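Input: a single structure, listed below in structure tokens.
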Amino acid sequence: MRWSRLFIPTLRDDPADAEVVSHRLLVRAGYIRQLGAGIYSYLYLAQRSLLKIQQIVREEMDRIGAQEFYLPALNPAEVWQESGRYTVMGDNLFRLKDRTGRDLCLGMTHEEVMTTIARSEVRSYKQLPQIWYQIQTKFRDEPRPRNGLLRTRQFIMKDSYSFDIDPAGLDTSYDKHREAYCRAFDRCGLKYSPVRAHSGAMGGTQSEEFMVMCNAGEDFVATCEKCNYAANLEKATSKLAPVSDSPGPAAPERFATPGKKTIDEVAAFDGLPEASHIKTLVYMVGDKPLVILLRGNHQLSEAKLETISGGEFRPAHPQEILDIFGANPGSLGPIGIPAKKAPRIVTDLALQGRKNLVAGANADDFHIKGVEPGRDFATEYFDLRVIEDGEGCPQCDAASGATLKVSRAIEIGHIFKLGYKYSESMGARVLNEQGKEVAPIMGSYGIGMERILVAAVEQNNDANGIAMPRSIAPFEVVITPVNTRDAALTSVAEQIYQACLDRKIDALYDDRDERPGVKFKDADLIGVPWRVTVGRQAPSGIVEVTRRSTGQRSDVNITDVVEFLAKQE
RNA sequence: CGGGGCGUAGCGCAGCCUGGUAGCGCGUCUGCCUUGGGCGCAGAAGGUCAUGGGUUCGAAUCCCGUCGCCCCGACCA
């Protein structure tokens, strides 16, 4: 392509409304323009890049035997009502009505549509396994779109769905996806890590996210510095330093704590560390209260709560708390809850085996000391807290001193064993070898296309702009004659450009009548990985090749330059 | 949904407090010049000041409403 004929609207200044690097650079480099909140137009450069990303993903999906479909984005509401997600997804689902008043929605993923196809067409275990995928636009009415292409309301996703006759089959489909994802992300030039992920209330048995560590990310990942442990913070566990409690009294003792409500106020008042206090939280699961006990200095993980709550939950309102406990937040505890309420009490593992603790007395301005879980109240134990940076790795020997580091990350892909949720709820059935009707077991697997682009820019940029990995760069090479009015230079440039095309190298010919500085700046900004500068040495048969990522330059004979370029990364 | 900020030329911004008919830099166009890192000179075009209402002789400026966008939080298969 000849740059003089292209629409590449680069900007000198950063756009005012862009914060994160990738957003700023993609706008400045003329890849994208915003149309509305969370809605972007992908201009020529972004489209070229995204098409390359999609092609890589497509090739890797095809390699594992997956079959590409093209499915409707516009879905009848009934399909989503059947799976239950019409209500579960709440306001995140874009909803609309057609002229006759029928309810429709815009697909945010395609479990429902895929399952609809499977249930009406797949009859026998002999037809399984199947892996079906699509690379299409998805719609989500995000409460808060942000960070350029990172979180948008319309985006391109590769999503695939596997159907297997049994869990072993699902394992195979899942593993195939894992491999395909690693290959695809490697080919895209990303540094990423698969991490254990929270599988949500869907009842999934296993789930991994593919994460790219960078500050623009919205997710948090805990990684071990010494082993391969890596988990989403929603899922991460840790080893805590053991706490030895003094024996304390034989039975809990009530004491006055006038005006002390928060853990740190009570701790300062009674002189015991925060870790010797019990934090009491109250949630409503449906219309039933759930009491959650944590160590005073620990944080509740709502993601972990979700796996044990058995339903939709929310923090209890002050009035509900008063009704249950007869006391206000700040003085709540597991002992002395009015018997007729008898709420379920769950306790974080960090409190198991502890004694001589302080909890609220369920009377305003009073606490109880000498509390021992198990002895003084009955409870179930679960992992319920959010781990913190610097805690011990759950996988390493405690003696090794290996600690976890919490970092921000972008989720570029997610693989997920769905189980029977959709096949059950939507009535997909096949006959097994015994002639018995069974629900196929499903997996669902997603990759965010724009997020690969975003992650690539986040990982590969400098003060001059983007340094795109070659495999997904809009162009692989830019040929830059230093002076377009010098026919000796332009004829060499033209010749190299044509030779690149013949050699199937994606080349951009910067034939603009601009000063060299302008061309260099623009080439650096848009991130073309290789530049061939046709300048002062051209008359003696030499051009200069510059690698964008490192700035490294080599003088190359004009006759060799195309082969040289073909060999580089 | 709660909190904060912003909306003036394609982009970045000033002007608003203290009302008097809109300005700067970059970009764009024309001509000259220049050609290895956003060069220089001269000239030009380009604005319903987000929008609706109000106050006023007069509103970008003051008041009220609405819309949009950004950030923080809540939320996020």
Side-chain angles (χ1 to χ4, degrees), chain A residues 7 9-20 23-24 27-28 30 33-40 80 83-93 107-112 138-148 150-153 155 157 159 161 197-204 207 209 218-219 232 234 302-303 306 312 314-315 411 414-419 421-422 442-446 448 463-465 480-486 488-490 510 512-525 531-538 543-544 546 551 553 555:
Chain A
F7 182 65
T10 58
L11 301 175
R12 237 174 233 251
D13 298 311
D14 280 332
D17 53 5
E19 295 274 318
V20 300
H23 185 196
R24 235 175 50 218
V27 173
R28 258 195 75 195
R33 286 296 184 263
Q34 182 171 33
L35 187 60
I39 310 174
Y40 287 85
W80 288 71
S83 72
R85 293 210 296 176
Y86 198 70
T87 45
V88 172
M89 295 319 333
D91 292 335
N92 265 20
L93 191 63
M108 48 197 302
T109 64
H110 279 73
E111 278 86 352
E112 283 81 0
K138 302 282 187 263
F139 298 88
R140 293 186 194 178
D141 193 356
E142 290 287 347
R144 189 179 153 209
R146 70 185 124 179
N147 293 342
L150 197 52
R151 181 166 292 275
T152 53
R153 296 197 288 178
F155 56 96
M157 179 164 147
D159 50 330
Y161 304 90
H198 171 64
S199 34
M202 298 298 222
S207 164
E209 290 163 338
E218 301 178 324
D219 282 278
N232 192 305
E234 294 179 337
E302 292 201 342
E306 192 181 326
E312 295 276 297
R314 60 167 172 84
E411 179 190 347
H414 195 168
I415 56 177
F416 185 26
K417 293 185 183 174
L418 267 183
K421 161 147 175 108
Y422 294 90
M442 292 175 61
S444 117
Y445 318 87
N464 290 320
T480 309
V482 153
N483 182 353
T484 40
R485 296 185 194 173
D486 181 338
L489 299 187
T490 53
D510 194 350
R512 295 176 298 168
D513 183 19
E514 287 287 354
R515 294 179 57 83
V518 173
K519 299 202 213 186
F520 295 157
K521 287 285 182 195
D522 270 344
D524 286 352
L525 179 59
R531 188 179 79 218
V532 177
T533 311
V534 181
R536 56 174 96 83
Q537 296 180 93
V543 290
E544 186 179 276
T546 308
R553 303 178 185 192
D555 288 337

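The structure displayed is predicted, hence computed values, not measured ones. Naming: A, B, ... by sequence-line order, numbering from 1 per chain.
Counting any heavy atom pair closer than 4.0 Å across all strands shown, Asp219(A) reaches no nucleic acid atom. Using a 4.0 Å heavy-atom cutoff across all strands shown, Glu302(A) reaches sugar-phosphate atoms only and no base atom. Contacts of Gly90(A) with the nucleic acid, taken as non-hydrogen atoms under 4.0 Å apart, are absent.
Taken from OG1 in Thr533(A) to CZ in Phe520(A), the straight-line distance is 4.5 Å, to the nearest 0.5 Å.
No side-chain heavy atom of Glu142(A) sits less than 4.5 Å from a side-chain heavy atom of Thr152(A). Asp522(A) has its side chain out of reach of Glu514(A): every pair of non-hydrogen atoms, C-beta onward, lies at least 4.5 Å apart. Residues Asp91(A) and Asp141(A) fail the side-chain proximity criterion, which asks for heavy atoms closer than 4.5 Å. The side-chain heavy atoms of Met108(A) and Trp80(A), taken from C-beta on, include a pair separated by under 4.5 Å. Here the side chains of Asn147(A) and His23(A) are not in contact, with every heavy-atom distance at 4.5 Å or above.
Comparing U56(B) with G73(B), their C1' atoms sit 42 Å apart, to the nearest whole Å. Rounded to whole Å, the C1' atom of G15(B) lies 9 Å from the corresponding atom of U61(B). When the P atom is used for both G36(B) and U30(B), the distance is 23 Å, rounded to whole Å. Separation of the P atoms belonging to G4(B) and G12(B) is 25 Å when rounded to the nearest angstrom. Going from the C1' atom of G47(B) to that of U21(B) covers 13 Å, rounded to whole Å. For A50(B) and A44(B), the C1' atoms lie 29 Å apart once the distance is rounded to whole Å. Nucleotides A59(B) and C11(B) have their P atoms positioned 27 Å apart, rounded to a whole Å. Of the P atoms belonging to U48(B) and G5(B), the separation is 29 Å, rounded to the nearest Å.
Not a single donor-acceptor pair under 3.5 Å links the side chain of Lys421(A) to the backbone N or O of Met442(A).
Residue Glu209(A) contributes atom CD, which lies 12 Å from atom C1' of C76(B) at whole-angstrom precision. Protein atom CD of Glu19(A) is 12 Å distant from nucleotide atom C1' of C6(B), rounded to whole Å. Regarding Glu142(A), its CD atom lies at a distance of 16 Å from the C1' atom of C70(B), rounded to whole Å. Summarising the geometry, the separation between CZ on Arg85(A) and P on C76(B) is reported as 14 Å, rounded to the nearest angstrom. The distance between atom CG of Asp17(A) and atom P of G12(B), rounded to the nearest whole Å, is 7 Å. C75(B) atom P lies 14 Å from atom CD of Glu218(A), rounded to whole Å. Taking atom NE2 of residue His414(A) and atom P of nucleotide C76(B), one finds them 15 Å apart after rounding to whole Å. One interatomic measurement links the two molecules: CZ of Arg33(A) to P of C69(B), which rounds to 18 Å at whole-angstrom precision.
Here the shortest heavy-atom pairing between Ser444(A) and Glu111(A) reads OG-OE2, 3.3 Å. Here the closest heavy-atom approach between residue Asn232(A) and residue Asp219(A) is recorded as ND2-OD1, 3.6 Å. Here the closest non-hydrogen pair linking Val534(A) and Ala538(A) is CG1-CB, 3.7 Å.
For the 3.5 Å distance criterion, the side chains of Thr109(A) and Asp159(A) fail to qualify, holding no donor opposite an acceptor.
Partner assigned to A59(B) is none, using Watson-Crick or G-U wobble distances below 3.5 angstrom. Checking C24(B) for Watson-Crick or G-U wobble geometry (two distances, each under 3.5 Å) identifies G12(B) as its partner. When Watson-Crick and G-U wobble pairs are counted only if both distances are under 3.5 Å, A50(B) pairs with U66(B). For G2(B), the paired nucleotide is C72(B), the pair qualifying as Watson-Crick or G-U wobble because both relevant distances are below 3.5 Å. Remark: G36(B) base-pairs with no nucleotide; criterion is Watson-Crick or G-U wobble with both hydrogen-bond distances under 3.5 Å. Applying the Watson-Crick and G-U wobble criteria (two distances, each under 3.5 Å), G43(B) pairs with C29(B).
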Practice item. Going 5' to 3' through nucleotides 28-43 of chain B, assign each nucleotide B (protein heavy atom under 4.0 Å from a base atom), S (under 4.0 Å only from sugar-phosphate atoms) or - (no protein heavy atom that close). Key: ------BBBBBB----
Check your understanding: Given the rule in the salt bridge (charged side-chain N to carboxylate O under 4.0 Å, His left out) test, do Glu544(A) and Arg553(A) qualify, once you have shown the distances and angles that lead to the verdict?
Key -> CA-CA 7 Å; Glu544(A) 186 179 276; Arg553(A) 303 178 185 192; 3.7 Å; yes
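Between the side chain of Arg151(A) and the base of C76(B), a donor-acceptor pair under 3.5 Å is found.
Taking 4.0 angstrom as the limit, Gln34(A) places none of its side-chain polar atoms (N or O) nearer than this to OP1 or OP2 of G68(B).
The 5' end of RNA chain B is approached more closely, in terms of each residue's nearest nucleotide, by Pro15(A) than by the other of Pro15(A) and Arg153(A). Between Gly36(A) and Gly446(A), the one whose closest nucleotide on RNA chain B sits nearer the 5' end is Gly36(A).
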Which atoms of nucleotides 47-50 of chain B (N or O only) lie under 3.5 Å from a protein N or O atom, and what are those distances?
none

